[in-house]
Amino acid sequence: MINITWLRTFCALAEFGHFTRTAERLHMTQSGVSQHIRKLEDQLDTDLLIRQGKQFSLTNAGEQLYKEAREILQRLSNLEQRIGEDPPYEGLVRLMSPGSVGLKLYPQLLTLQQQHPKLVIDYRFAPNSDIEKALANHEIDIGFMTDVSDDETVSCKSMAQEALILVTPATTVEPSWEHLTELGFIDHPDGAHHAGMLLSANYPEFQHINDFEKKGFSNQIGLILEPVSRGIGFTVLPAHAVAAYQKPELIKSHHLPVAVSETLYLAVRRQHALSNRMHTVIDEVTKWL
């Protein structure tokens, strides 16, 4: 592999055309410059200079090396500059979260990207297990989870609470146990978990989600309330998912006597330095939540 220091000395000599000026610019001695050139020639096993007393010209090999080396050194210089830079509003940020909080955060992050066009948001909706795996595999930068990760490479920090809401068709006046049993349950990927948390705290009759007839299922966060709005059944969802529904007049949210919330955790790779743009996103998300 070509020694970069010798290559820089050679390119400087080719540009300045004089050993003395090259030595002055590089803060070297003339003999040091000559030594770098000879070592480079020995490494490449070819003459790079035609020496004529104190004057010199480049050989064909020297001309070719200078042309290509100048481009290589410029790219290296640009790389060093890019690596050293860490702008807070530029670059790609990859995130994952459950659907409910994603409905809250994604539009806000798009507004942030509009304000700072060089900031690129890559947002995926996923369950906790997929978020944990993506973080461990370096596929995302930031995760938001509703449970603490068991993976020792993932660090979780509590950052917000999201209320769980019982949602029925708009015609429901009082969500009695008998009425819920009659309606039946609209399930979703976290349906059993959410319903178990909220209903067990408010209905002594509750034992298991299977107490209710299953009337439907959707894994699309924006569509879970569609069958509810048509009177097909009830469900339990986090508040952000309910707030994002586009036809609120067709559903009814019930705030039960015992409020139950789900903790939202910020998840990142343990012992991994976050870039400034990632801190920007985390700071903004903290404000919104």
Side-chain angles (χ1 to χ4, degrees), residues 1-96 109-110 112-124 133-143 153 268-284:
M1 183 178 294
I2 294 178
N3 185 295
I4 295 297
T5 302
W6 302 342
L7 198 61
R8 284 197 173 100
T9 302
F10 169 73
C11 286
L13 180 64
E15 290 169 8
F16 297 129
H18 197 281
F19 276 90
T20 302
R21 286 198 294 271
T22 299
E24 290 173 353
R25 290 296 184 93
L26 298 181
H27 305 288
M28 298 174 61
T29 62
Q30 290 186 48
S31 61
V33 173
S34 297
Q35 188 178 48
H36 281 189
I37 302 303
R38 286 197 171 89
K39 285 182 176 179
L40 187 58
E41 288 178 322
D42 290 343
Q43 185 180 39
L44 297 175
D45 194 25
T46 188
D47 290 333
L48 300 173
L49 305 180
I50 300 173
R51 295 168 176 81
Q52 300 167 333
K54 292 184 178 181
Q55 305 296 318
F56 71 87
S57 60
L58 298 181
T59 64
N60 289 337
E63 291 281 2
Q64 182 67 24
L65 179 63
Y66 174 61
K67 178 181 177 181
E68 297 191 23
R70 186 172 53 181
E71 296 178 2
I72 292 170
L73 293 176
Q74 183 60 54
R75 287 199 296 271
L76 283 174
S77 177
N78 292 341
L79 177 61
E80 290 172 357
Q81 184 176 1
R82 288 197 303 272
I83 294 299
E85 292 177 348
D86 188 14
Y89 297 103
E90 294 182 22
L92 175 67
V93 181
R94 304 166 301 169
L95 307 97
M96 269 189 180
L109 288 170
L110 290 181
L112 182 66
Q113 183 173 347
Q114 285 180 299
Q115 296 167 352
H116 306 281
K118 291 186 178 181
L119 183 67
V120 180
I121 300 299
D122 181 329
Y123 204 112
R124 313 292 173 94
K133 186 182 299 183
L135 275 170
N137 292 337
H138 296 254
E139 295 170 359
I140 60 172
D141 306 305
I142 300 168
T153 67
V268 296
R269 287 187 295 279
R270 196 180 299 277
Q271 298 178 338
H272 178 79
L274 299 180
S275 66
N276 285 337
R277 64 183 180 274
M278 294 173 199
H279 282 297
T280 293
V281 168
I282 292 171
D283 290 345
E284 293 298 320

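No more than 12 heavy atoms of other residues, nucleotides or ligands lie within 6.0 Å of CG in N60, so this atom counts as exposed by the packing criterion. Annotation for R124: atom CZ does not count as buried by contact number, only 12 or fewer foreign heavy atoms lying within 6.0 Å. Within a 6.0 Å sphere centred on CD of Q52, other residues, nucleotides and ligands contribute more than 12 heavy atoms. In R51, the CZ atom is crowded: over 12 heavy atoms of neighbouring residues, nucleotides or ligands sit closer than 6.0 Å.
Across all non-hydrogen atoms, the minimal contact from F19 to S34 is CE2-OG, 3.5 Å. Closest heavy-atom contact between D86 and S275: OD1-CB, 3.5 Å. Taking all atoms of both residues into account, the shortest heavy-atom contact from A12 to L26 is CB-CD1, 4.0 Å. Residues L73 and R8 approach most closely at CD2-CG, 3.7 Å, considering heavy atoms. What you find for L112 and E284 is that their closest heavy atoms are CD2-CG, 4.0 Å.
V93 places none of its side-chain heavy atoms less than 4.5 Å from the side chain of T280. No side-chain heavy atom of L109 sits under 4.5 Å from any side-chain heavy atom of L119. Side-chain contact between I121 and V281: present, with at least one pair of heavy atoms (C-beta onward) separated by less than 4.5 Å. Side-chain atoms of L40 and I2, non-hydrogen and from C-beta on, do get closer than 4.5 Å to each other. Side-chain contact between L274 and D141 is absent, with no heavy atoms from C-beta onward closer than 4.5 Å.
Atom CG of L58 sits about 8.5 Å away from atom OH of Y66, to the nearest 0.5 Å. With values rounded to the nearest 0.5 angstrom, I4 atom CD1 is found 11.0 Å from T9 atom OG1. Note that CD of E41 and OG1 of T46 are 7.5 Å apart. Values are rounded to the nearest 0.5 Å. Here the CE atom belonging to M96 is positioned 10.5 Å from the OH atom belonging to Y123, to the nearest 0.5 angstrom. From L48, atom CG reaches atom CD1 of I37 across 7.0 Å, with rounding to the nearest 0.5 Å. In this structure, R270 CZ and L135 CG are separated by 11.5 Å, a value rounded to the nearest 0.5 Å.
Ring geometry, W6 versus H36: the interplanar angle falls from 30° to 60°, so the pair is classed tilted.
Considering only residues two or more places apart in sequence or on other chains, E139 meets the side chain to side chain contact (heavy atoms under 4.5 Å, CB included) condition with A134, N137.
Residue pairs satisfying the side-chain hydrogen bond (donor to acceptor under 3.5 Å, both in side chains) criterion with at least one member in residues 14-23, sequence neighbours excluded, are listed as follows: T20-Q30.
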